[in-house]
Enquirer: 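What follows is a single structure, and I will ask about it in a moment.
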Amino acid sequence: MTEVENKKEKGDKLLDILIVEDSDADVKIALRAFERAKLKHRMHVASDGQEALDFIRHEGKYKDKKKMPVPDLILLDIKLPKVDGFGVLKELKADLQYCHIPIVMLTSSRDEEDILKSYKSGASSFIPKPVKYEDFVKVVEIINTYWNTISKLPNTNLWK
Amino acid sequence: MSKIQFRNFSITSKFILWFLIVALAPLIVSTFISYRSSRNVLKEEVSKILLAIAENKANQVRVYLDKKEEDVVQLSHMSDVIVAVERFDEAYDVSKKTDSPEYAAVDQEFRPFLSYYQKALGFEDLFLVRAYGDVIFSVKRKKMLKSIYAKGPYKDTQLAEVFVEANKSKQTEVSDFEYFPQVKKGYVFIASPVFRGGEVIGVVVAQLGTEEISRLVQDYSDLGSTGEFGIAAKIKDEVVFIAPLRFDREAAFKKRVPIGSKEYPNIQKAVMGERGSGVSMDYRGKEVMSVWRHLPTFRWGMVVKMDTTEVFVMAKQLRNNLLRISIVLLIIVAVIAIIIAKTVSSPIRELTTISGEIADGNLSARVEIDTKDEIGELAQSFNQMTDKLVRAKEDVEQKNVEVEEQKKMLEQVNKELDSFVYTASHDLRAPLRGISSFASFLEEDYKDKLDDEGRDYLKEIREGTDRMNQLIEDLLALSRISRIKNPYENINVEDMLSSVIKRIEFDIKENNVDLRIQPDMPTIRCDRIKLSEVFLNLISNAIKFSSKNNKENPRVEVGYASEDGFHKFYVKDNGIGIDHKYHSQVFGIFKRLHTAKEYEGTGAGLSIVKRVIDDHGGNIWIESEVGKGATFCFSIPKDLKKKKKIGEILIEEGLVSEEKLKEKLKAQGLLDGPPEYKGSVST
């Protein structure tokens, strides 16, 4: 915890993170967990797979919002309306323009098949959603530590 | 050396054997008896016949000899012969020689007449002997006319002897045989005195050969092909055959035996005056039946004999006929026996064949015997039995199909249930997360606005959700254990244990547990991941209970014993122990013997353990008493097959839509009573 705080104090940059989650409660929990972890990233929410794809590609209701950034990291649930997590995963990984975006599966499933299928489809990580809020906070901190502090992410602005 | 035993014979053989014994035994006995009796009858008959023949032949011989004797007597009484004796006597006296003119004159006068009688009566020679003992005439021996006595050629001859006797007795006398080696013939001499005026003036002696007797005895009529006569006379101290034998033409005067010797006892007896009959060996070495008697006139002996082979030819024919009949009877009896045996054994054989077929699985085979006897009844009941067998088999097959269907159904239900549990517990998580998280938010955001009671409620909510989360985790673990089948592999249990211990190293150190693992653990075939889970659960449990109860020196032992067909492992602690009445309960899911405050955990661990052991086809049980620690033992079969437990379904935990499942089970007749565990999820 102290390590994470230290890293944050060093001035990690703010990311655009897209959370694809259909449960309002889970969205609230996730956002609060980021808040509680004192992470000020720009959080974007899509409530189904299609919306997520639209958001990333600037299509549908996001067509006009040219200002919408390409997310630096996607937290993707599996069970989603319209297009499910795997659908989103496959579409994005097949799309040369967006296949660089790391996708972290954040889901209630602990199913071996789901895990294997996720990695095979190009997921960067698979994290089971913790039930307890405290644990959720820890997970969020760890996600930040890994993807923001330790890892180097591509500069998406170069692609634009 | 295989011993032939009657009881090992087939029925046919036994029948034939018995029939033959029953049929042939009396036949053989009667054949034997009739052969014996006919032989005896024949023997008697033949002996009578032979005796008659002998009598007849003896008569013929005697008649002949008497005739000859009579001839000589008549000659001696003929006046011409008397005159001849007187005239030869006178002529011989003159010169004492036969070559004097006087003798020649007499000779010329009488020779033709004497010679004629000699020939006519069949004598070999005819002698006139005067009372002084001089031979005064002989038809054949002109130059030998000399005195009977002194040194003459007739000294010690039968001629001399018979003359002396006749001269003395004044009666007709017959001499013994005399053998003449020159001619190889034997002769007898018959002497009859010649009287004139009451005085013996001389003796007529006739020399008689055996030709006529030979002819007589060679007439074998009524004697078959082997019957014959033997006639022998006593010459000095020998018994000599005087006539040829049927099978030895040269026997006359050649075949001779000393009196008293062992050869030809019958003829010896006859010669010595005895008569009799019997069976003996003859000169050819053949068995013969003979009758012997004495011929008094000449003191000869006669034997009539016949080969027994011929005598008993009738008996033999009878015997042979009986034997032929026996053979025919034998064949008939054998055929009948075979037919009867077949009629008895062929249904039995058919029964045997059919039962063999049925044993081989051809249940449609039936015995086709419709006789009304015992065998027919047997066949009928056999067929009935087979029918029952078929019905029973069909029943069993039907039951098997039903069981198989039920099994499949149960498996399906089990699968559905597992997947239901999985999905349900999975889906339970999302709302739980909500409850848990929002309770936390409430606590964070409104901490100051709540009083102590409110905060306490919040705390209760948090704890409840934590506990529910743990339950869900356990449920998922249990369902995972059931759903995932890892392949069996050969695992060294020592290695497995050391990796398990690594996972709970912290626990062991923290509780200062003395963990003892028996060395030389075996390598066994099992599901590595699941069995690790078993050890992990059992050892963790043991640590938990022993450290809680025995803070001074908690001890956990892991041991192994090889049993018949099973590997037996045990994990022993020195904790509080388990009362015997709870032993069967502890493996039920979420069954706890203690409150959560005393011992943490949901109680799913042992359910998982039991499920894994069951999946391996093994057994798990507890050896424990209150206060003396607990020993969890489990066994894994050495020969691991695909054993699968059906029927143990999660309805026990009351987690699924019981109604639906009960309906299904009731429809299959599987639900007799209430499920074993009626209790709902604990807490």
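First the proteins, then the strands, lettered A, B, ... as listed; each starts at 1. Computed from a predicted model, the values in this text were never measured in an experiment.
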Enquirer: Heavy-atom distances under 4.5 Å only: say whether A:Ser23 touches chain B with side chain, backbone, both or neither.
Expert: neither
Enquirer: Side chains of A:Ser108 and B:Arg433: is there a donor and an acceptor less than 3.5 Å apart?
Expert: yes
Enquirer: Locate the shortest heavy-atom distance separating B:Gly434 from A:Ile29; write the atom from each residue and the value.
Expert: CA-CD1, 4.0 Å
Enquirer: Which value, rounded to the nearest 0.5 Å, describes the distance between A:Arg110 atom CZ and B:Arg429 atom CZ?
Expert: 3.0 Å
Enquirer: Please determine whether the number of non-hydrogen atoms from other residues, nucleotides or ligands lying under 6.0 Å from atom NZ of A:Lys28 exceeds 12.
Expert: no
Enquirer: With a 4.5 angstrom heavy-atom cut-off, could you sort out which part of B:Phe438 is near chain A: side chain, backbone, both or neither?
Expert: side chain
Enquirer: What part of A:Lys79 gets within 4.5 angstrom of chain B, counting heavy atoms only: side chain, backbone, both, or neither?
Expert: side chain
Enquirer: Is it true that, when you exclude B:Phe441 itself, more than 12 heavy atoms of the residues, nucleotides or ligands shown sit nearer than 6.0 Å to its CZ?
Expert: yes
Enquirer: Can you tell me which portion of A:Arg36 sits under 4.5 Å from chain B's heavy atoms? Options are side chain, backbone, both or neither.
Expert: side chain
Enquirer: I need the A:Lys132 NZ to B:Ser440 OG distance, nearest 0.5 Å.
Expert: 9.0 Å
Enquirer: Please check if atom OH in B:Tyr457 has more than 12 non-hydrogen atoms from other residues, nucleotides or ligands closer than 6.0 Å.
Expert: no
